[in-house]
Amino acid sequence: MTATVSDRLLDWYDGHARDLPWRARPGAPPPDPYRVWLSEIMLQQTTVAAVKPYFETFVSRWPTVEELAAAPQEDIMAAWAGLGYYSRARNLVKCAGEVAQRGGFPMTEGELRELPGLGAYTAAAVAAIAFDRRAVVVDANVERVVARLFAIEDPLPVARKAIRAAAAEITPEKRAGDFAQAMMDLGSGICTTRDPKCLLCPLSADCRARATGDPARFPVKAPKKAKPVRQGRAYWIERENAVWLVRREGKGMLGGMRALPDDGWSARGDGLGEPPLDGDWEGAGMVRHTFTHFALELSVQVQRDATQPSGEGEWWPLDTLNEAGLPTLFTKAARLVTS
DNA sequence: AAATCGTGGTA
DNA sequence: TTACCAAGATT
């Protein structure tokens, strides 16, 4: 018997696995599918350090998927505030409802893939980690590790098919969940984007990128577009130690979240919408905030002793503003006005 | 299928 | 300060 790449990786994992709140020990029975699912959704494009406090809050407040499904959507959205990519929270609510309705999580990758918020990666990850099903789990870590192991020269995203095929080649039939998590731990701690620590890597002898002498060159990536800068305004409307908050509509930018009223910068791109209230506005300063595909310069306009704007909204007491569940952009604006 | 969708950490 | 980027999904 010749040891394979997966054998070497799993041996390494047995001694070096990270201890994470949602994770079982290597070789141990799989953890609660609810915790696996919740952690995987939170971890999409999000660092472990950022997820940890949110995960603890969610599982202590809603210990089961049934309890999460029974919670008001606005409570869940507020609890998600600050974590970003709020469509995940909207889909979390939908998914919890479907799962509670059908009496638990499905166990196969194909059925998991049909749930809201679970794409190719997350469906495979939950199948492997929570149900010990053999699945090819490809996230950004796996892409990097595989691109280096096989020295794949095609740039991302063109190389995705080849990387997936190569990942399938080294994915074992047994311990698929441990293998997936081992690949991610390796990518996170050893086979890092910059300055990979090849001397500590259990796969260094298998790695064609290392043989080239410049493993950090992989994966090759297509150049990125520059981010445009947009301008916009937000309105701080205050009255009797309370501020007027609205709820953003729909599925777009910050959709479903509480917010300050604005001039339409997210919809129109150029702002230029009408203020939500007549009267004189005082400039409180500028907030700079960078989103995924553009940067925003948000001018914050203030009116105190204001009358109530027309349309839907609520007066929110200033002393409990941290419980309003504002996205970080508006938390910055509030800090500008109140400090 | 290219564009859209947050945030905080790191170099 | 800027630039990059992290357990991607959706349309």
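What you see is a predicted model; the values in this text were computed from it and never measured. Throughout, protein chains are lettered first and strands after them, A, B, ... in sequence-line order, and every chain is numbered starting at 1.
For A:Thr122 and C:dG8, a side-chain-to-base donor-acceptor distance below 3.5 Å is absent, hydrogens and geometry of angles not being considered.
When the P atom of B:dG8 is taken as reference, atom NZ of A:Lys332 falls 7 Å away, rounded to whole Å. What separates CG of A:Leu43 from P of C:dA7 is a distance of 9 Å, to the nearest Å. If you measure from atom OH of A:Tyr85 to atom P of B:dT7, you get 10 Å, rounded to the nearest angstrom. Counting to the nearest Å, the P atom of B:dG6 and the NE2 atom of A:His289 are 9 Å from each other. The nearest whole Å value for the distance from the CZ atom in A:Arg144 to the P atom in C:dG8 is 10 Å. In this entry the distance linking CG of A:Leu92 with P of C:dT10 reads 12 Å, nearest Å. Straight-line distance from the CD atom of A:Gln45 to the P atom of B:dG9: 17 Å, rounded to whole Å. Distance A:Trp80 CH2 to C:dA9 P: 13 Å, rounded to the nearest Å.
Ring geometry for A:Phe291 against A:Trp265 counts as parallel: the plane angle stays under 30°, on a 0 to 90° scale with 60° as the upper cut. The aromatic rings of A:Trp37 and A:Phe105 sit tilted, their planes meeting at an angle between 30° and 60°.
A:Ala120 comes within contact range of the sugar-phosphate backbone alone, with a heavy-atom separation under 4.0 Å but no base atom that close. Looking at heavy-atom distances under 4.0 Å, A:Arg90 makes no contact with the nucleic acid at all. Among the atoms of the strands shown, only primed sugar atoms or phosphate atoms (P, OP1, OP2) are found under 4.0 Å from some heavy atom of A:Leu118. Within 4.0 Å (heavy atoms only), A:Met184 reaches at least one base atom of the nucleic acid. Within the nucleic acid shown, A:Ala50 has no heavy atom closer than 4.0 Å to any nucleic acid atom. Across all strands, A:Arg18 comes closer than 4.0 Å to base atoms (heavy-atom distances). Within 4.0 Å of A:Gly82, counting heavy atoms only, lie sugar-phosphate atoms of the nucleic acid but no base atom. Residue A:Thr292 is classed as a base contact, given a heavy-atom separation below 4.0 Å to a base. At the heavy-atom level, A:Thr46 lies under 4.0 Å from base atoms of the strands shown. Residue contacts shown for A:Leu296 are absent, as no nucleic acid heavy atom lies under 4.0 Å away.
When each of B:dT4, C:dA7, B:dG6 is scored by its nearest atom to the side-chain atoms of A:His293, the top-ranked nucleotide is B:dT4. Distance from the side chain of A:Thr328 is smallest to B:dG8 among C:dA9, C:dT11, B:dG8. Distances were taken from every side-chain heavy atom of A:Arg194 (C-beta onward) to each of B:dT10, B:dC5, C:dA7; the shortest belongs to B:dT10. Distances from the side chain of A:Arg23 to the nucleotides B:dC5, B:dT7, C:dA7 place C:dA7 closest. Proximity note for A:Leu329 (side chain, C-beta onward) versus B:dT7, C:dA6, C:dG8: the nearest is B:dT7. Side-chain atoms of A:Tyr86 lie closest to B:dG6 of the nucleotides C:dA7, B:dG6, B:dT4. Among C:dG8, B:dT7, C:dA6, the nucleotide with an atom closest to any side-chain atom of A:Gln44 is C:dG8.
At a threshold of 4.5 Å between side-chain heavy atoms, the hydrophobic network of Ile, Leu, Val, Met, Phe, Trp and Tyr places A:Tyr34 and A:Leu112 in one connected group. Put simply, A:Leu318 and A:Val300 are part of the same group of oily side chains (I, L, V, M, F, W, Y) that touch within less than 4.5 Å, one to the next.
Remark: the separation of the C1' atoms in C:dT11 and B:dA1 is 10 Å, to the nearest Å. Nucleotides C:dT1 and B:dG8 are separated by 16 Å at their C1' atoms, to the nearest Å. Separating the C1' atom of B:dA11 from that of C:dA7 is a span of 22 Å, rounded to the nearest Å.
Residue A:Arg113 has a polar side-chain atom (N or O) positioned under 4.0 Å from OP1 or OP2 of C:dT10. Not one side-chain nitrogen or oxygen of A:Ser87 sits closer than 4.0 Å to the OP1 or OP2 atom of B:dT4. The side chain of A:Lys227 places no N or O atom within less than 4.0 Å of a non-bridging phosphate oxygen (OP1 or OP2) of C:dT2. Phosphate proximity of B:dA2 to A:Lys225: absent, as no side-chain N or O sits under 4.0 Å from OP1 or OP2.
Judged by distance alone, the side chains of A:Glu297 and A:Ser299 never bring a donor and an acceptor atom under 3.5 Å apart.
Remark: side-chain polar atoms of A:Gln44 are not paired, donor with acceptor, to backbone N or O of A:Arg88 under 3.5 angstrom.
Residue whose closest nucleotide on DNA chain B sits further toward the 5' end, between A:Pro157 and A:Leu254: A:Pro157. Toward the 5' end of DNA chain C, the nearer of the two residues A:Lys221 and A:Ala140, judged by each one's closest nucleotide, is A:Lys221.
No more than 12 heavy atoms of other residues, nucleotides or ligands shown are found within 6.0 angstrom of NZ on A:Lys174.
Between A:Glu111 and A:Pro106, the closest heavy-atom pair is CB-CB, 3.5 Å.
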